[in-house]
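Below: one structure, written as structure tokens.
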There are 6 protein chains.
Amino acid sequence: MTTANKSITVVSAHSADFVWRAGGAIALYHDMGYEVRVLCLSFGERGESARLWKQGKALEEIREIRRAEAEKAAGILGAQVQFFDMGDYPLVPTKELENALVQEFRAHPPEFILTHSLKDPYNADHPRTTELVLECRILAQAHGYPSEYGVIGAPGVFLFEPHQPEQCDFQVDVLLDISSVFERKRQAMECMEAQEHLWEYYTDVAKRRGVQAGRNSGGSIRYGEAYQRIYPYVGGVIL
Amino acid sequence: MTTANKSITVVSAHSADFVWRAGGAIALYHDMGYEVRVLCLSFGERGESARLWKQGKALEEIREIRRAEAEKAAGILGAQVQFFDMGDYPLVPTKELENALVQEFRAHPPEFILTHSLKDPYNADHPRTTELVLECRILAQAHGYPSEYGVIGAPGVFLFEPHQPEQCDFQVDVLLDISSVFERKRQAMECMEAQEHLWEYYTDVAKRRGVQAGRNSGGSIRYGEAYQRIYPYVGGVIL
Amino acid sequence: MTTANKSITVVSAHSADFVWRAGGAIALYHDMGYEVRVLCLSFGERGESARLWKQGKALEEIREIRRAEAEKAAGILGAQVQFFDMGDYPLVPTKELENALVQEFRAHPPEFILTHSLKDPYNADHPRTTELVLECRILAQAHGYPSEYGVIGAPGVFLFEPHQPEQCDFQVDVLLDISSVFERKRQAMECMEAQEHLWEYYTDVAKRRGVQAGRNSGGSIRYGEAYQRIYPYVGGVIL
Amino acid sequence: MTTANKSITVVSAHSADFVWRAGGAIALYHDMGYEVRVLCLSFGERGESARLWKQGKALEEIREIRRAEAEKAAGILGAQVQFFDMGDYPLVPTKELENALVQEFRAHPPEFILTHSLKDPYNADHPRTTELVLECRILAQAHGYPSEYGVIGAPGVFLFEPHQPEQCDFQVDVLLDISSVFERKRQAMECMEAQEHLWEYYTDVAKRRGVQAGRNSGGSIRYGEAYQRIYPYVGGVIL
Amino acid sequence: MTTANKSITVVSAHSADFVWRAGGAIALYHDMGYEVRVLCLSFGERGESARLWKQGKALEEIREIRRAEAEKAAGILGAQVQFFDMGDYPLVPTKELENALVQEFRAHPPEFILTHSLKDPYNADHPRTTELVLECRILAQAHGYPSEYGVIGAPGVFLFEPHQPEQCDFQVDVLLDISSVFERKRQAMECMEAQEHLWEYYTDVAKRRGVQAGRNSGGSIRYGEAYQRIYPYVGGVIL
Amino acid sequence: MTTANKSITVVSAHSADFVWRAGGAIALYHDMGYEVRVLCLSFGERGESARLWKQGKALEEIREIRRAEAEKAAGILGAQVQFFDMGDYPLVPTKELENALVQEFRAHPPEFILTHSLKDPYNADHPRTTELVLECRILAQAHGYPSEYGVIGAPGVFLFEPHQPEQCDFQVDVLLDISSVFERKRQAMECMEAQEHLWEYYTDVAKRRGVQAGRNSGGSIRYGEAYQRIYPYVGGVIL
């Protein structure tokens, strides 16, 4: 089976989350031939654009800047990006958003879904997004849910590393080797001009996860990304 | 790299544990060309041979019966089996046993190790075995630990499903599809003549884990085995 | 005090849940003389009727089939069943439903309540039902909550075993011996014609819980059901 | 920096919670010169006024009694109290309440916030209040959240001891020595005339926490209050 | 079946633990006709006799005082007490002690066993005792363990409330109503002359657990004791 | 009260642990006037000196190198260091070591103790050290434990950040600002010539903890160290 028509889906509460947290995975899967679909529920215009507000930018302007940055970053990583423009801080899911995600999952059944952590005492939009994604994945599996598309199977769900993993009960179940694509992740991070302080921070995170990946594999790995699994791995080998 | 000279190691507190709990994995990896090394720390002669004691058998006789059964089962599954004869109920690890395991891990570096759960309020020998295995794996990685063999890398450790998983805080991280080898697992279970009541019980467990494996993969799987991971998965894909 | 006017209440997110998960308890308490009140919040028409949808049935038809099956099963088990017809996948509790449950709890104060698990990554309707039940029980205890009935005491709440207990953080606090009524549970399960694959599955679950009940009591028990406790047991003996 | 213009904020789901659970902290911080701001989201008129309902009081009367009691207790403890009159059992947060709390936090940036536990199977209003407080604190930190006031820093959040701490997963992270102000806490408790049974109960809790405070400090402490931390302590010493 | 020849067993790390922590249960079960067997592994002579050391008493003298107090308290509660004199702080289990407990459990099969918590960062002897008890119970179930007595069934194990329950991950699974025997528990506590400060403390604990027992049962209970369950409850009713 | 005669104690399983994990705290407390006592239970000669073994060094030589490095690092940080030379991989505590630590804690009662995490699946010596430290602290509090020194009070115990915190269930309770002393920590790290790869790694950890410290305090902090608390904070303020 080729990957030519396979896709993975990344659900990002704010428009930059997918870059810091899953940029490596996106680039890797793009390189493997997957379609990578990034769904940005908001632009992070209120809660994650402090520098732009301090510069006196207006709301609409900030949204445009954030959108442009996200599109540029997605282009570098090889992802298609959609914006749902739900507003942030707080991001309040609606019945319409729920249905839109269900239809998206059905129209483009993902091999797996990447999204936020289950808990985050620093960011209420993140776990709310995760809860929504888990529910929509279940609805997309239900034969009686109204849709023009067929039901999906049982895609895995993997959670991004949050900013302060121990406070979020984050478990490291997967350490992904992103060494081969890290340069592109760094370039994508640098699209976020208003968050320059995070470029180095997330480079250090990638280095640390790389060292740990090496320790857990007996090899040497330069850059990594960590993910938490929601559902068990199923297969004919023990991994 | 071929699997011709690869091995996996199964550490079994009592001589029948490896059959009920990992018989499917053993047969699968044997079929893939791995050497499967089963280390039985005791024969389970005191604590897991109730029917033989009720039949009035003597200790030495029970050990021989248990050894013969385990050898026969290992043969069916395609494993090499060693007996450490440490006694059971309680199984008390010694410095010598610890060293023997370290040397074993070094002489035959396993791709991964299978052993018992971290907690078991019904069986104190099981978690004590797990604790020993985890320590010996670490010692086998230490350059200064005396040995004629080189250090090992970082083999994964996966835990068997215990008899009452919820009471043992057992997490299902891996559901292994053992459908293709289940018949051999059943035959191996039937070598344990004194534990006939468990044949059907563990067949039902395999069916239940198979159904769950199907639910978690969107496919249809007849028989499964569940494992808990200790260390994160490391790789170039998200699994 | 006789059980003549005592009741227990089972809150089932979908119309078949009470059969698979609590059929044994229902039949047992019926036989002890309790009134058993089953509240089905939805028919499970969208999310738990895959075979009917595949057969091309329409929504209304499916609801009627599911209602008829649930009524038949309730009859076999000896329960009174009410349908709240809230819709499923997603089941969205409303203020009206909340009030209806509070009034139900007040009008028929249950000795205890059975409902779903606190967490379920495979089914969002289940934990939402549990959350609702816990809240309504509290409201039914409040003297100022408007009602024509008096407040209730402090009924226990026990949670059903979910389909994949380890993934739902399910704890086994109670193993109920349902051997004497299992035949009726099986008959009730067989009312669910579109879910034939579950008849054997839940028979195996009952056998497994029976074996575990035997292990935990030193006796021999054929069939069991597992429950998790929410509130401590209070009494003059240690149980 | 003096404490003259510093404040702490206590968010109380019902109008008496702040007295039983944080009366000592309030009096202590008042004595240190802090402004102590108590926000009562409801009067607890439906769910925590059983005796008044049994006396046949009407809803409006109960609210007035509860308001008067809370004001009197706040006066004794040295706190300013505001009432949001949202109703209780259930207490249902609204967008307006959310905004009011955000503006309150911004207008009077607290050194830290005291509120309820994260979980409480006996009281659904309490954890819902906590969830609201955590979200509003985050919104108050967001530069883009509309407000005439500036953003706040990162005030700590500490959780009150619930009535049945073990059932609420309550962790004791801080044992506050309230010996010097306990007499005033007792007087404030005695303002709650309809809850006389709790005066002695919470005096005993304070004694028990005092003994434990002594055990954990090697000293002798008469009365204590327990709190759980949400965010790490940050500082130049290890505390 | 009468209770005439039934027994329960209480394993107490130090000679006074059984009084503070399980005095109510002991008196209740004595009144129900059970033989109550108390096994004191040490006298608590080093770690729990501070006042006697401060008075300048010698080790041997302290042991005698502690033994006499424990015997007097056991007499009041209606228990038979044995002393194993293993020393405390640290209490170090030996192979001989292990065997003695196994033989004791076999010679007098308990309906259930009461002992300490699984964790206690204030007292290392307590969890070590619990671990020993759990292991000995398993050994007493093993047909091959050498003994002149037959194997035991599957007695429940319930854990005492430790001094600081939240720090010990103590769960309250059972609230035992000890109102009818509390006077005797108080008298037994007063036998511990060197620990007078604990008389009132544990009276307050009993009151608090009584109030909570009332809240969890809808009744009114004056004095209670809390216990944590290790194994599930098995029976024909849901408790 | 001056700090002139106050001390803190750091218990390090291997001779370099105290540098990577607590170098900042040591330098800070030294600067505050505390005596900082570092107890190295082993040299880490077998398990944490891979490069020296690869260079063909002999065991005795490695111990000397490790001792010299640790002494040099301690000097830079301002600590007094003792070596117990117990051997590592495995580090096996003895009764003599236990007594030596108790006497040390009594002779130099620490304000608080720093040591390893409670769990570490990558390093068995670390949690074994923690367990020993917790037990010795308790023994040092016991009036009957033989010693020429008086009992100690109730010093806090704080746990170092392990190499892979999420795998070790490490909780971040304290973020210590070590910016003012980081240069010295870096110099101390550079004493470990055979572990050059860790200099940058732990510099990055310090930066990351610094950023998080800033986020949790609303300030800006360059370098931090994380600790987990074992016992509650006790005081007259809420911290």
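Reminder, nothing fancy here: chain letters follow the sequence lines and each chain counts from 1.
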#### Entry: Check: A/Pro232 and B/Asp173 side chains under 4.5 Å, non-hydrogen atoms
no

Under 4.5 Å heavy-atom distance to chain A, tell me which part of [X] shows up: side chain, backbone, both or neither.
X: B/Ile221; value: side chain
X: B/Val237; value: both
X: B/Ile238; value: both

### Message
As an exercise: rank B/Gly224, B/Gly218, B/Gly219 by heavy-atom pairs under 4.5 Å with chain A and give me the winner.
### Response
B/Gly218

### Message
Give me the atom names and distance for the closest heavy-atom approach of B/Leu239 to A/Arg229.
### Response
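Distance-wise, the nearest heavy atoms are C-NH2, 2.8 Å.
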
### Task
Check the surroundings of atom CD in B/Glu98: do more than 12 heavy atoms from other residues, nucleotides or ligands lie under 6.0 Å from it?
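Check passes, neighbour count above 12.
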
### Task
Assess whether atom CZ of B/Arg222 is packed by more than 12 heavy atoms of other residues, nucleotides or ligands within 6.0 Å.
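Counting other residues, nucleotides and ligands, CZ of B/Arg222 stays at 12 neighbours or fewer.
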
### Summary
When A/Leu176, A/Asp177, A/Leu175 are each screened for side-chain contact (heavy atoms from CB on, under 4.5 Å) with B/Val234, the one that passes is A/Leu175

Can you tell me which of [options] forms the most heavy-atom pairs within a distance under 4.5 Å of chain B?
options: A/Gly235, A/Gly236, A/Ser217; value: A/Gly235
options: A/Leu28, A/Leu114, A/Val172, A/Val151; value: A/Val172
options: A/Asn216, A/Ile8, A/Ile178, A/Ile152; value: A/Asn216

#### Entry: Close contacts, residues 200-215 of chain B versus chain A, judged by heavy atoms under 4.5 Å
B/Ala213, B/Arg215

